[in-house]
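Structure record follows, encoded as structure tokens.
The residues of the chain are indexed from 1 along the displayed sequence. As the structure lists them, so they are numbered: ligands from 1, and atoms in each ligand from 1.
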Amino acid sequence: MDITVAKTAGFCFGVKRAVEKVYEQIDVSKKQIYTFGPIIHNEEVVKDLEEKGVKVINEPEDIEKIGDATLIIRSHGVSKEIYDIAGKSGVEIVDATCPFVKRIHDIVNKESKKGNTIVIIGNKSHPEVEGIVGWVNGKSYVVSSEEDVDLIDENLCKKLCIVSQTTLNYNKFNNLVEIISKKGYDINCLNTICNATHERQIEAKQIASNVDAMIVIGGKSSSNTQKLYEICKEQCDNTYYIQTVSDLDLCKLNSIKSIGITAGASTPKKIIEEVHANVRNEF
Ligand code: F3S
């Protein structure tokens, strides 16, 4: 059996850094540790942290109730309001915001203070975008479709600063920027897409097109794993979506000569290695 494990499988730089920060805090902090929202979309990791005493809060109002505690901000960041509330409540913040996201916060903050209107291309309800909006000083628009572009108030300001959600698709970003450009605004466009997602997808596609079967590992609610599965399935009909090694039905791989393995951004290395070892030992 020929097994290929994607080099880009699993945690991206920002997620790895955030998860490591939580484990670091477990070792050093004398206070109760909270994360603002689950640190990643992976039930195994969240369960393990819970067993080690880490609690999750989800609402800004909860911050005032946790007292003298440590609050960890996850990789996709939060609005300025959250830092302000924590500061007033005496809660210690450990900031695991990915530096690529932090850069967007700084851009929108600076540009909006100059009086420019901010346009964020991305999904309005994604926590990363909600966080970015929360660093704008003034007016901002979140755009995810052509119809959203029409909602930008043309009289408000002719100077626009455009940024993107880090996980956005390049084509979507370019298309929407082109539509906005045709409206005659003075535009300062900054492509803030992070390559990690794109690179993982390209590698998964390339592996899936060369193997007899493909295994995609990731949490059920992970949208980037779902996307990886779709990409692989298009290339290789024998593509299986599993959460952990226990979901793997090895009987299905019986007559197969080559297999590829990839994983979503929130899948821990340990789970990828378990699946890899299981396949290798069986065949
Ligand atoms: Fe950061 Fe890119 Fe991951 S923005 S959290 S390294 S997808």
Query raised in the report: Is atom 3 (Fe) of ligand 1 under 2.8 Å from any N, O or S atom of C194?
Result: no
Requested in this report: Kindly work out whether a path of hydrophobic side-chain contacts (I/L/V/M/F/W/Y, heavy atoms less than 4.5 Å apart) joins Y83 to I57.
Outcome: yes
Requested in this report: Among all protein heavy atoms, pick the one closest to atom 6 (S) of ligand 1 and tell me residue, atom and distance.
Outcome: G14 N, 3.5 Å
Requested in this report: State plainly whether the residues K114 and E111 are in salt-bridge range, i.e. N to O under 4.0 Å.
Outcome: yes
Query raised in the report: Would you say C98 reaches atom 1 (Fe) of ligand 1 with an N/O/S atom under 2.8 Å?
Result: yes
Query raised in the report: Taking the inter-plane angle between the rings of H105 and W135 on a 0 to 90° scale, is it parallel (under 30°), tilted (30 to 60°) or perpendicular (over 60°)?
Result: parallel
Report summary line: Per-atom filter on ligand 1: closer than 4.0 angstrom to a heavy atom of T166 are 4 (S)
Query raised in the report: Quick one: nearest non-hydrogen protein atom to atom 3 (Fe) of ligand 1, plus distance?
Result: C12 SG, 2.3 Å
Query - Mutual orientation of the aromatic rings belonging to F100 and F13 [parallel < 30°, tilted 30-60°, perpendicular > 60°] - result: tilted
Report task. May I ask whether M214 and I256 are part of the same hydrophobic cluster, defined by side-chain heavy atoms of I, L, V, M, F, W, Y residues being less than 4.5 angstrom apart, directly or through others? Result -> no
